[in-house]
Amino acid sequence: MRTRRVRVRRRRSGRLLWVMSALMLLTALALHLWVPKVSDPVREETLSPASAVTTMPPESEQRVTQEIEFPALERFLIQFGVYDSLDNARVEAARYVERGAAGYLLYDGRYRVIGAAYESREEADSVAGRLKEEEGIECYVYETGAGAVKLRVTAAPEQIDALVNAENALREQSLAFGNLAYQLDSGEIDEAQACIEISRCVQAITLARQSLLEVAGEKVNQVAQDLMDMMEKAEENLSKLSSFQEQTRLDLSSKIKYNYIEILEQHRGYLESLSV
């Protein structure tokens, strides 16, 4: 009886070991098949698109190289006299300011006393002729201006557009501002209407300058900075002029002509600096 019990116990132990070995082998095989490999192609596909999106620069940082052109600026000035002495030029200028002229002193080695500025030579010649014939004032037409400037600019497209628009706004609004003096002289508008129109010119220049400032970024190049400085100076001077209510027609006309010529001279200097 004892021997029989020993034999039965040995058979069960052998079967149990065999079953356990088989289970361990199947478990190891299953684990081997389930664990993902590092080179799993599914992971590469999901990471690649995400990486491409995050490294792509924003649209505002896209830069292009484009050629732009600032058109020529030509104006024709009514000149009353030319002097070597600044004091003599000031005395002469004061005589014409009382009549509604600009009394602007343009220095180019000598002092030129300027009364007004016109967009075309025909208009300037006509005014000079009337002054000589009707008032006996000896005057001449003096041409000033700067040639067209072509620039090759590398920047974001919106920055280039803002630069071109700002220069064009200064050009157009200064001309509109200058024409107010002649509308005053002819009686087309009165002093109050002129001040309203001056404010509109200032607003248009300010809007164009601010648009350029917003897209210029932290590092503003010299071309844009000089233009914005010139526009800001024009805004400051014209704003003072529009807010001064107690002024006669001749006084306001004189100040408009003076500031118009001042803007023209600054604009001319700006274009000439770009062509060097």
Side-chain angles (χ1 to χ4, degrees), residues 63-79 102 104 106-108 112 114-128 141-183 197-198 200-216 220-238 256-276:
R63 294 163 66 85
V64 298
T65 299
Q66 181 178 330
E67 186 176 274
I68 64 174
E69 179 177 349
F70 294 151
L73 181 68
E74 294 182 339
R75 293 296 182 267
F76 301 90
L77 313 179
I78 302 297
Q79 174 183 293
Y104 188 91
L106 177 61
Y107 183 74
D108 58 358
R112 300 179 183 273
I114 305 299
Y118 295 90
E119 189 177 9
S120 69
R121 174 173 287 277
E122 291 75 16
E123 191 175 10
D125 285 339
S126 175
V127 172
V141 175
Y142 179 75
E143 182 177 355
T144 185
V149 176
K150 291 185 179 181
L151 299 174
R152 211 169 160 76
V153 181
T154 300
E158 59 267 29
Q159 292 174 330
I160 297 176
D161 290 342
L163 178 65
V164 173
N165 291 338
E167 196 275 342
N168 187 60
L170 179 64
R171 187 182 296 261
E172 290 184 350
Q173 295 305 317
S174 62
L175 179 59
F177 166 74
N179 286 335
L180 293 176
Y182 314 124
Q183 294 173 1
E197 293 302 320
I198 292 172
R200 289 177 179 171
C201 292
V202 172
Q203 290 173 2
I205 295 174
T206 301
L207 180 61
R209 179 180 61 82
Q210 290 178 342
S211 296
L212 176 57
L213 180 62
E214 288 174 0
V215 301
V220 182
N221 65 25
Q222 201 61 45
V223 174
Q225 186 63 62
D226 289 347
L227 178 58
M228 288 190 291
D229 290 345
M230 182 171 54
M231 296 174 77
E232 189 171 16
K233 184 65 175 178
E235 294 166 39
E236 179 183 347
N237 291 338
L238 300 191
I256 291 175
K257 291 168 186 171
Y258 184 96
N259 282 276
Y260 176 45
I261 298 171
E262 177 72 9
I263 294 173
L264 288 177
E265 281 302 295
Q266 291 180 359
H267 202 162
R268 178 184 63 82
Y270 172 72
L271 294 176
E272 288 182 345
S273 71
L274 296 179
S275 62
V276 176

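- Between the CE atom in Met228 and the CG atom in Leu213 there is a gap of 5.5 Å [rounded to 0.5 Å].
- Rounding to the nearest 0.5 angstrom, the gap separating the CD atom in Gln203 from the CD atom in Gln173 is 10.0 Å.
- Listed here is the closest heavy atom pair of Asn165 and Ala208: O-CB, 4.4 Å.
- Among residues two or more places apart in sequence or in another chain, the ring-ring contact (aromatic ring centres under 6.0 Å, His included) test is passed with Tyr118 by Tyr182.
- By the ring-ring contact (aromatic ring centres under 6.0 Å, His included) test, Phe177 is found to be paired with no residue, residues two or more places apart in sequence or in another chain being considered.
- No side-chain donor-acceptor contact under 3.5 Å links Ser126 to the backbone of Glu122.
- Distance CG/Leu163 to CG/Asp161: 9.5 Å, rounded to 0.5 Å.
- Residues meeting the side-chain hydrogen bond (donor to acceptor under 3.5 Å, both in side chains) test with Asp229, sequence neighbours left out: Gln225.
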Item to complete: For Tyr270 and Val223, run side chain to side chain contact (heavy atoms under 4.5 Å, CB included): C-alpha distance rounded to whole Å, both residues' side-chain angles, the deciding distance at 0.1 Å, then the answer.
Response: CA-CA 9 Å; Tyr270 172 72; Val223 174; 3.3 Å; yes

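- For Leu271, the side-chain contact (heavy atoms from CB on, under 4.5 Å) test picks out Phe70, Leu73, Ala146, Val149, Glu167, Arg171, His267, with sequence neighbours left out.
- The CD atom of Glu158 sits 12.0 Å away from the OG atom of Ser211 when rounded to the nearest 0.5 Å.
- Applying the side-chain contact (heavy atoms from CB on, under 4.5 Å) rule to Glu197 yields the partners Leu180, Arg200; only residues at least two apart in sequence or on another chain are considered.
- Listed by first and then second residue, the salt bridge (charged side-chain N to carboxylate O under 4.0 Å, His left out) pairs involving residues 143-157 are Arg121-Glu143 (not counting sequence neighbours).
- For the atom pair NZ (Lys233) and CD1 (Ile263), the distance works out to 11.0 Å, reported to the nearest 0.5 Å.
- Ile78 and Ala124 make their closest contact through CD1-O, 3.5 Å (heavy atoms, listed as atom of the first residue, atom of the second, distance).
- Residues that satisfy the salt bridge (charged side-chain N to carboxylate O under 4.0 Å, His left out) test with Glu69, not counting sequence neighbours, are absent from this structure.
- For Glu172, the side-chain hydrogen bond (donor to acceptor under 3.5 Å, both in side chains) partners two or more places apart in sequence, or in a different chain, are Asn168.
- Residues meeting the side-chain contact (heavy atoms from CB on, under 4.5 Å) test with Gln79, sequence neighbours left out: Val82, Arg112, Ile114, Tyr142.
- Sequence neighbours left out, the pairs with a member in residues 267-276 that pass salt bridge (charged side-chain N to carboxylate O under 4.0 Å, His left out) are Glu265-Arg268, Arg268-Glu272.
- Applying the side-chain contact (heavy atoms from CB on, under 4.5 Å) test to Ala155 and every residue at least two apart in sequence or in another chain returns Val153, Gln159, Ile160.
- Taking both residues in full, the closest heavy atoms of Ala224 and Asn221 are given as N-OD1, 2.9 Å, listed atom of the first, atom of the second, then distance.
- Closest approach of Cys201 to Ala176, counting heavy atoms only: SG-CB, 4.2 Å.
- The shortest distance between side-chain heavy atoms of Leu170 and Met230 falls below 4.5 Å.
- In this structure, the side chains of Val141 and Leu77 stay at 4.5 Å or more apart for every pair of heavy atoms.
- Distance CD1/Ile205 to CD/Glu232: 12.0 Å, rounded to 0.5 Å.
- Not counting sequence neighbours, the partners of Glu262 by the side-chain hydrogen bond (donor to acceptor under 3.5 Å, both in side chains) test are Tyr104, Gln266.
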